[in-house]
Number of protein chains: 2
Amino acid sequence: MKFTVKDLATMAGVSIKTLYHYHKIGLLMPSEVGESGYRYYGLQELKRLQEILFYKELDVPLVEIKQLFDEESTRVYTLEKQRTLFMKKIDRYQQLIQTIDMSLNYTRKGENMDNQLMFKGFGSKDEWKDALEEQVNHLKEAYNVELDTNAIDVDKMNMMAIEAKNFTDQMAEFLRNGVKYDDVSVQNTVKNHLHFLNKNGHAISQEDYLNQTKFFLQDDFHRQMLESQQTGLAYYLVHVAETL
Amino acid sequence: MKFTVKDLATMAGVSIKTLYHYHKIGLLMPSEVGESGYRYYGLQELKRLQEILFYKELDVPLVEIKQLFDEESTRVYTLEKQRTLFMKKIDRYQQLIQTIDMSLNYTRKGENMDNQLMFKGFGSKDEWKDALEEQVNHLKEAYNVELDTNAIDVDKMNMMAIEAKNFTDQMAEFLRNGVKYDDVSVQNTVKNHLHFLNKNGHAISQEDYLNQTKFFLQDDFHRQMLESQQTGLAYYLVHVAETL
DNA sequence: ATGAGGTCTTCCCTAAGGAGAGAGTCAATG
DNA sequence: CATTGACTCTCTCCTTAGGGAAGACCTCAT
């Protein structure tokens, strides 16, 4: 039983290129190589290829498939890893479908209320006043702090708001992905955020920032705002700020 | 409002590399480029970037995002396309999860019954006889045709069976994917299949093959075998064979 | 021996950037 | 005013799993 590349490719339903590739990366070696360089495969190789293709169907990377043959024990682990991966993907796609449906609904109604899906700021000072009303009232009632909403520069406000939103989104994603509070990438993200604030007229030191996160944690309005976006976020932010 | 690359990257929560990339492919151009080559962006660009990132989150390829800005009308179409794409992916992942569960179950029971999940042939002539029994009886009863199961060469039989299974799988996938019966890739797959058969002692012309597919369609046992794998497959095979 | 079909290696290409090198630039500080 | 530190430029290579093509070489059947 000596198969040429074409034989094997036909039998297994893959391309000859694929066989070359697997040879090159050492995933499936020919049982024999002629003097002219022709590759020949045997039954063993056909069976091994079948197994390779099984794992490939499960989206297992070729490198890992190779390890599967080298180290028996990782089989169950790999399969379970793929399983949880698929679960997460399904979750994600279901959420994306929801997002799409919302967007299509907005479009269908003729509204352009995509601001909730993709925040690009508000068009006028009055819109900003509306958006901030609740927060301003809360600060006034709870702390007797006055904010002058007439001093708003719409463009600048939009810019700051977009940055703030994206910053918070990123921190939430770090938290969701289990990135530790003292990870460099987290720290850099915060530093960039502070740098950006300082550069744009909002003087804020690392200490100030730490105090701010603590304030957000203690204040009901702000804590709930953060926690409604991502459970644990208000607490995470404090820990990150403490480690700066 | 003139943002440097770092400003914009911070605000939007992307890397500077990403901005370069978008510039290079013409997806997001700077509003201004200094003499030294420094890129500067404005508010418009920030908003555009926000929109780009929204579509990117939905796995829309950058080329298509670019088209979205050029041709207004494709927005709904693109969103709906992504939606059905996600539905299909969810479907696929759910099936893969089932496959994994089956495989893990086999492993847990200590059995190695993976032959149904990844066919690699049988170990002995007797196993083959068992597997073929039903088919042999059917042929005998319905057509009075005798098959000598003692003449079986196990290795060769395994090889032929693996090829046959993969061939049928490929045809089923063509059908599922809406590949037309006269598509070159379909035709080539069949030609390779016939070539393989001829090379391995099963003389069969294109005409013979056409007759065989017709027989499979008319014979209950074989038609149901094909149709249970993929609805429409028995019919598809005849059409393909007629166009060879 | 010849022709047809198979096979070899090598190079470039894909999507969306990441990593890093080496050189040039900007703005603020001493 | 010059230095310095942070920032930015272009360039090349790298990632997955092969696809496509070029140009040369090989094998087998007639």
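Every chain is numbered from 1, with letters handed out A, B, ... down the list of sequences. Atoms considered below: every heavy atom in the structure, side chains included; atoms not considered: hydrogens, waters and symmetry mates.
- Taking only side-chain nitrogens and oxygens, R39(B) never comes nearer than 4.0 Å to OP1 or OP2 of dC26(C).
- In this structure, N188(B) places its CG atom 14 Å from P of dG19(D), rounding to the nearest Å.
- Comparing dG17(C), dT8(D), dT7(C) against the side chain of Y20(A) picks out dT7(C) as the nearest.
- Taking side-chain N and O atoms only, H23(B) has no distance below 4.0 Å to OP1 or OP2 of dT10(D).
- Pairs engaging residues 160-175 of chain B under the salt bridge (charged side-chain N to carboxylate O under 4.0 Å, His left out) rule: K165(B)-D169(B) [sequence neighbours left out].
- Listed by residue number, there are no residues of residues 52-67 of chain A with a heavy-atom contact under 4.0 Å to DNA chain C.
- The residue K17(A) sits close to a base: some heavy atom pair falls under 4.0 Å.
- Of the candidate nucleotides dG18(C), dC8(C), dG17(C), dC8(C) has the atom lying nearest to any side-chain atom of V5(A).
- Applying the ring-ring contact (aromatic ring centres under 6.0 Å, His included) rule to Y22(B) yields no partners; only residues at least two apart in sequence or on another chain are considered.
- Nearest heavy-atom pair, N158(B) versus G121(B), reported as atom, atom and distance to 0.1 Å: OD1-CA, 3.2 Å.
- Not a single ring-ring contact (aromatic ring centres under 6.0 Å, His included) links Y55(A) to another residue, sequence neighbours left out.
- Contact annotation: S15(A) side-chain N/O to dG19(D) OP1/OP2 distance is under 4.0 Å.
- Residue whose closest nucleotide on DNA chain C sits further toward the 5' end, between D7(A) and K24(A): D7(A).
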Extract from the structure each pairing of a protein N or O with an N or O of nucleotides 26-30 of chain D at less than 3.5 Å, listing the distance.
unit_1, atom_1, unit_2, atom_2, d
dC26(D), O3', S36(A), OG, 3.2
dC26(D), O2, Y38(A), OH, 3.4
dT27(D), OP1, S36(A), OG, 3.0

List the atom pairs, with distances to 0.1 Å, where a side-chain N or O of residues 236-244 of chain B and a protein N or O form a donor-acceptor pair under 3.5 Å, not counting sequence neighbours.
unit_1, atom_1, unit_2, atom_2, d
Y236(B), OH, V179(B), O, 2.7
T243(B), OG1, H239(B), O, 2.6

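- I16(B) comes within 4.0 angstrom of sugar-phosphate atoms only, judged by non-hydrogen atoms across all strands, and of no base.
- As rounded to whole Å, 14 Å separates atom C1' of dG5(C) from atom NZ of K191(B).
- For H21(B), the listed nucleotide lying nearest its side chain is dG17(C); candidates were dT8(D), dG17(C), dT9(C).
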Discussion item. Assess the residue pair K89(B) and D59(B) against the criterion (salt bridge (Lys or Arg N to Asp or Glu O under 4.0 Å)); give the C-alpha distance rounded to whole Å, side-chain angles, the decisive distance to 0.1 Å, and a yes or no.
Written reply: CA-CA 12 Å; K89(B) 290 214 176 193; D59(B) 283 2; 5.4 Å; no
